[in-house]
Amino acid sequence: MSGDGIVVVKEEKKEKSLLGRLFHLAMFAVAVYGVIMAVARVMLRLANRMEEENEGCEKKRYLNFMNGRNIRFQGEKLSEVEVNAVAGGVELDLTEAELSEETDVLVRAFMSGVVVKVPPMVRVEVDDTDVLSGFMNLVPNYEHENLPVLRIKVQSLLSGVRVEMKAE
């Protein structure tokens, strides 16, 4: 049997015009924007729910998603603070807070910048896990045993976290 009667037809691929490519790119951008906005709405609802639970508690929890935020405590009693930052910036100011003898601060950061400001004469103990991130502790190491202790645990990915003392 020979292949004389078989004819192979090869389809030529039609190239898209520049206008067609731009249209597809614009549709992709609109879809990505829609997904990001939907996620942002869900994250905002979650952040609001977390902050409602903070009322009257010594344990505070915060979520920051794709924006900048200043979190300040004015005479509030704190035993534990949790800050979650995703693609944004957070300044956590503990300088006016009423810290307990031992206060725990947990900072989780993803593609974010976080600054933790502490009052003078506080011992700061740091446990950090950084992946492709930067961490700086600019607080002097006090050896006094009767000072309040601030335990800061940092978990960061593609972020920068800095602990500094209030400038006087």
Side-chain angles (χ1 to χ4, degrees), residues 28-29 31-168:
F28 177 74
V32 168
Y33 177 77
V35 168
I36 289 173
M37 293 310 294
V39 169
R41 280 192 294 274
V42 169
M43 296 296 273
L44 182 61
R45 276 192 228 122
L46 179 61
N48 289 338
R49 193 173 313 137
M50 287 173 81
E51 288 191 36
E52 287 172 2
E53 294 171 1
N54 287 342
E55 293 299 318
C57 294
E58 288 184 24
K59 180 181 178 179
K60 309 288 186 182
R61 297 174 62 207
Y62 296 93
L63 172 63
N64 184 53
F65 183 74
M66 293 182 67
N67 60 5
R69 175 102 190 257
N70 291 332
I71 301 170
R72 288 193 171 87
F73 299 100
Q74 300 284 329
E76 290 182 64
K77 189 169 183 175
L78 295 175
S79 65
E80 193 173 332
V81 179
E82 177 184 327
V83 175
N84 300 288
V86 180
V90 175
E91 181 181 295
L92 177 63
D93 190 349
L94 302 172
T95 57
E96 304 282 327
E98 188 180 315
L99 301 175
S100 60
E101 229 175 84
E102 294 181 354
T103 304
D104 294 320
V105 176
L106 172 61
V107 175
R108 290 189 191 107
F110 175 69
M111 292 177 33
S112 298
V114 179
V115 176
V116 180
K117 293 186 177 183
V118 301
M121 300 305 292
V122 172
R123 272 191 14 224
V124 175
E125 298 174 358
V126 177
D127 175 21
D128 65 316
T129 306
D130 303 323
V131 179
L132 299 172
S133 298
F135 176 78
M136 291 174 56
N137 181 5
L138 303 174
V139 179
N141 189 10
Y142 297 112
E143 297 297 327
H144 303 294
E145 292 195 18
N146 58 350
L147 291 177
V149 176
L150 194 59
R151 279 193 218 99
I152 301 176
K153 183 174 183 175
V154 176
Q155 300 169 343
S156 62
L157 174 64
L158 298 168
S159 299
V161 179
R162 184 175 71 221
V163 181
E164 61 186 36
M165 194 166 39
K166 177 183 177 180
E168 297 191 39

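Numbers here are sequence positions counted from 1.
For Arg162 against Leu138, the heavy-atom pair with the smallest separation is CD-CD1, 3.6 Å. Glu76 and Arg72 get closest at one heavy-atom pair: OE2-O, 4.5 Å. Nearest approach of Asp104 to Arg151, heavy atoms of both residues: OD1-NH1, 2.9 Å. Nearest heavy-atom pair, Ser79 versus Lys59, reported as atom, atom and distance to 0.1 Å: OG-N, 4.3 Å.
Arg61 CZ: 12 or fewer foreign heavy atoms inside a 6.0 Å radius.
Each of Val105, Ile152, Asn70 was scored for a side chain to side chain contact (heavy atoms under 4.5 Å, CB included) with Leu92, with one residue passing: Val105.
Checking side-chain atoms of Ser159 against main-chain N and O of Met111 turns up a donor-acceptor pair under 3.5 Å. For the pair Asn64 (side chain) and Asn67 (backbone), a donor-acceptor distance under 3.5 Å is present. A donor-acceptor pair under 3.5 Å is formed between the side chain of Lys60 and the backbone N or O of Asn54.
The pair Glu82-Arg108 counts as a salt bridge, with a side-chain nitrogen and a carboxylate oxygen less than 4.0 angstrom apart.
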Check: residues 113-129 side-chain donor-acceptor pairs under 3.5 Å, at least two apart:
unit_1 : atom_1 : unit_2 : atom_2 : d
Arg123 : NH1    : His144 : O      : 3.4
Arg123 : NH2    : Glu125 : OE2    : 3.3

After noting the C-alpha distance and the side-chain angles of Asn84 and Phe110, does the key distance pass the side chain to side chain contact (heavy atoms under 4.5 Å, CB included) rule?
-> CA-CA 8 Å; Asn84 300 288; Phe110 175 69; over 6 Å; no
